[in-house]
Amino acid sequence: MAEIPTKYKHHEVEDKWRRKWEEWATYRWDPTLPREQTFVVDTPPPTVSGSLHVGHVFSYTHQDLIVRYQRMIGKNIAYPMGWDDNGLPTERRVQNLLGIRCDPKLPYDPNWKPEKKGKKDKSIDEVSRRNFIEACGVVTAEDEKAFEHLWRHLGLSLDWTDQYATIDDHCRGISQLSFLDLVERGEVYNVESPTMWDIDFKTAVAQAEVEDRPRQGLFYDIRFGVEGGGELLIATTRPELLGACIAVVAHPDDERYQPLFGKFAVTPLYGARVPILAAEHADPEKGTGILMVCTFGDAMDVEWWKTSGLALKQLIGRDGRVLPANFGEAPFESVDAAAAQRAHDEIAGLFVSKAKKRVAELLAEAGSLPGWTGVALVGDPRPTDQMVKYYEKGDRALEFVPTRQWFVRVLEHKDELLAQGDKIQWHPAHMKTRYSHWVDGLNQDWCISRQRYFGVPFPVWYVVGADGEPDFAQPIYADKSNLPVDPLTDTPPGYSDDQRDAVGGFTAEPDVMDTWATSSLTPQIQSHWGTDDERHKKLFPMDIRPQAHDIIRTWAFYTIVKAWMHSGEIPWYHVVLSGWILDPDRKKMSKSKGNVVTPDDLLVEYSSDAVRYWAARARLGTDTAFDPAVFKIGKRLSTKIFNASRFVFMQLEAAVGDGDNPGVESITEPLDLALVERMRTVIDQATRAFDSFDYATALQVIEDSFWSFCDHYLELVKLRSYAEEDTPGRRSALATLSWTLGAFLRLLAPFVPFVTEEVWSWRFADDGRPSVHTADWPVIAEVEAVPHPDHEETYQAAVEVLTVIRGTKTKAQKSLRWLVSNLEIRGSERHREALSPVLEDVLRAGNVAADGVTVSDGMGLEGQRFEVIVELADEMPE
RNA sequence: AGGCGCGUAGCUCAGUUGGUUAGAGCGCAUCCCUCACACGGAUGAGGCCCGCGGUUCGAGUCCGCGCGCGCCUACCA
């Protein structure tokens, strides 16, 4: 047996066990075992963006608690680590960190090496796509190390031999395989269509990545002419799109405008003839009840335009600037082309915000309406609160820009996708509603193409037509057996590389996939879908998907989509959702708010066990305020475990030395039987809680009973176990201490893996199974041989009397060891019977004079079992 | 504007299918260095369970209506 230190030093202990676990391969998945014995976790691959905060620690601990329990009930755990290192966050981070931008037209420079610039160096270097991707690789490798260090520090029981990165060959291959499979199934298509577009990132974005932000906008009231006489007043927040106006619409039932339907309006400044039409989406209550439709001011415009058959007048470019246009030529016809051109030239090349102001100025000038002498702008612009769509990572509002994009068909599968959601168990259950709402509310297919550089390329080329342009109707797909490919450097099947970009040859699809197109495949990535059937069958569908609730509409949704499309299955049986960490003002902790607490200092100050304890107290789906007080409680628990264990081990060592711990068959004393009985309940409750992923309830039950064990049982049993001769009473005490502590260590192991492992190693570990984390989760059958106590309330009766004795001493300001000269206990027959078998233990613990005790018939006080009268000795003998 | 969740001690949170006098920890107060532990321990004071109605013998718990908070959808005329 090892030397037991007198103080618990968490740094040393944690370091030791981190190394041991690695050496022992404690957390390794065994690929030879069948699916039924396996518990598979779809570990969230964190976005490798260099920022770590306590939110990460929080949710990853939740997974680990569940995993550690499953491991102890005998499951073979598949708990890999993935890294989400492709996509925009990485690109952006690399750009900022290294001061580079990607220009795909540049040739690769083999001598270029990524280097961090000084903080004051704001210069930007243009590099080729391949150089850029290499730079991303270097930066993410560093970030991944930081994450790995944190995870290991925290004691996550990940299998570090099983890792993937979403940009690695394996993941690119699976992503491309998925794409090709969807092509074969007809679930993917590419089309040129107005798409939500971020003007800074210069890429299309999907519905799920869009958020509405409140903005203070201005309503401009603008006069439009009506052909044949009269005029209209249009209220708009986007006067800069006046040149893109294709129609004016009002509600079909709106009597004010019914006479105008079928006529034409004439726009100010631009002099465009546009039809006045009825449209259901026009709200008579809003603005003037009549509005202009532009290409494109908002999603409604897009939808309406698609069914209108009217020409497209695109005036916003991919960079967010107003495009030039030739007025007088289709589709920019004008009753006064020269005036229109003059007006438009004023704003062409400006960003939207500037163009808006300039157009407003022009509208305020006399003669802004062709053929009119009046001014088009009526009154001052009126402030209005509007909600504007932004890319969630973007800083400027999205525009609708017609571009060619790849889409996955989801709109036509809503019913099936809802049904898939019903087959999955959500924890907490009400989170399923969020999924259902999201699916219900879908209004666009999933746009999976991004006009970026760092991502998984589409395995696609196009035939180059006689006009030298790609023929998008003739895509050439990569061979499935030959993935991954990069169409920019690889040659499509049946072609040679000298045909690249040549007439009659091929050209590469330059886009990369949405990062979710890859991370939606984390189960398949892990199971090696399509490349290793045997492994796939052992890992898919998975048991749990742990994640935060804010990405139900993205990660959970897309993963369900892919699993359903590829194999008609659900990707996992359970989704377990962690809440958020809130700062003390109850705001979500996030990098952008600057209220982030970094976890490293907490781990050092309070210990990994203490931080895990804090996370474990939060129930699934519940947001939790960041509260350092909870770390302290966790630390106190660890210390208590250490000290209580020291006590037990000192007793055991004194009695049996290095010999075997006494077995449960020696447990005979009534107090000990009562404790074992309580442990049966604890085991039962904790097990049931863990079986439904409710680690927080399990912790509460275990922790409460552990403190009771320390505060009451240990005090009651102490003197019996101190006895120097080998009596049945002492043997029973030692056997109970040994078994109960062993059970507690196992029950607590998922929560506080370091201190429990340390203590376990002193006396419980055996050579075959050295770790508490691979020991068996406690079961009631272990104490089958231990009889039930005669009275249900024995333990509580003992605690009650002892509490009164302690209270009396405390109120008298005496030490707890002070002698009780007289003790009178009055209670009912039932209660006296419950107490009597353990009275001796109580008297010893309370230091009651043997000849001063009377127990008599009576009634308890105020809901108590007993009336206890305590008389303290005048002086403490000796 | 709809939907979901929440509102319990100064703070952080438990409160199973409605059932005696509503719990824990932190914090606070007072005391105790007793051979596991002062990185302790004992004891104690703190509650109109958001409000108003209703169902019931009985409501923190169920129903309705409010109020407040968070989130998810929707909303650029």
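Each chain gets a letter, A, B and so on, in the order its sequence line appears, and its residues count up from 1.
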Could you list all N or O pairs between the protein and nucleotides 23-25 of chain B that sit under 3.5 Å apart?
none

Please confirm whether any donor atom in the side chain of A:Glu715 sits under 3.5 Å from an acceptor in the base of B:rA36, or the reverse.
-> yes
Between A:Lys7 and B:rA38, is there a side-chain N or O to OP1/OP2 distance below 4.0 Å?
-> yes
Which is true for A:Ala235 with a 4.0 Å heavy-atom rule: it touches a base, it touches only sugar-phosphate, or it touches nothing?
-> sugar-phosphate
Ignoring backbone atoms, test whether A:Gln386 places a side-chain nitrogen or oxygen under 4.0 Å from the OP1 or OP2 oxygen of B:rA77.
-> yes
Quiz item: A:Lys640 side-chain donor-acceptor pair to B:rC37 base, under 3.5 Å | yes
Going from OG on A:Ser738 to CZ on A:Arg763, what distance comes out if it is rounded to the nearest 0.5 angstrom?
-> 7.5 Å
Inspect the surroundings of CE in A:Met387 and state if more than 12 heavy atoms from other residues, nucleotides or ligands are less than 6.0 Å away.
-> yes
Phosphate oxygens OP1/OP2 of B:rU34: is one of them under 4.0 Å from a side-chain N or O of A:Lys809?
-> no
Return yes when atom CD of A:Gln216 has more than 12 non-hydrogen atoms of other residues, nucleotides or ligands closer than 6.0 Å, and no otherwise.
-> yes
Look through every strand shown and name the nucleotide pairing with B:rU30 as Watson-Crick or G-U wobble, where both distances are under 3.5 Å.
-> B:rA42
Using a cut-off of less than 4.0 Å, is there contact between a side-chain N or O of A:Ser815 and OP1 or OP2 of B:rU34?
-> no
For RNA chain B, whose closest nucleotide is more 5', that of A:Gln651 or that of A:Met387?
-> A:Gln651
Are A:Asp385 and A:Arg215 close enough for a salt bridge, meaning some N to O gap below 4.0 Å?
-> no
Note: A:Glu211-A:Lys389 ion pair, threshold 4.0 Å (strictly below) = no
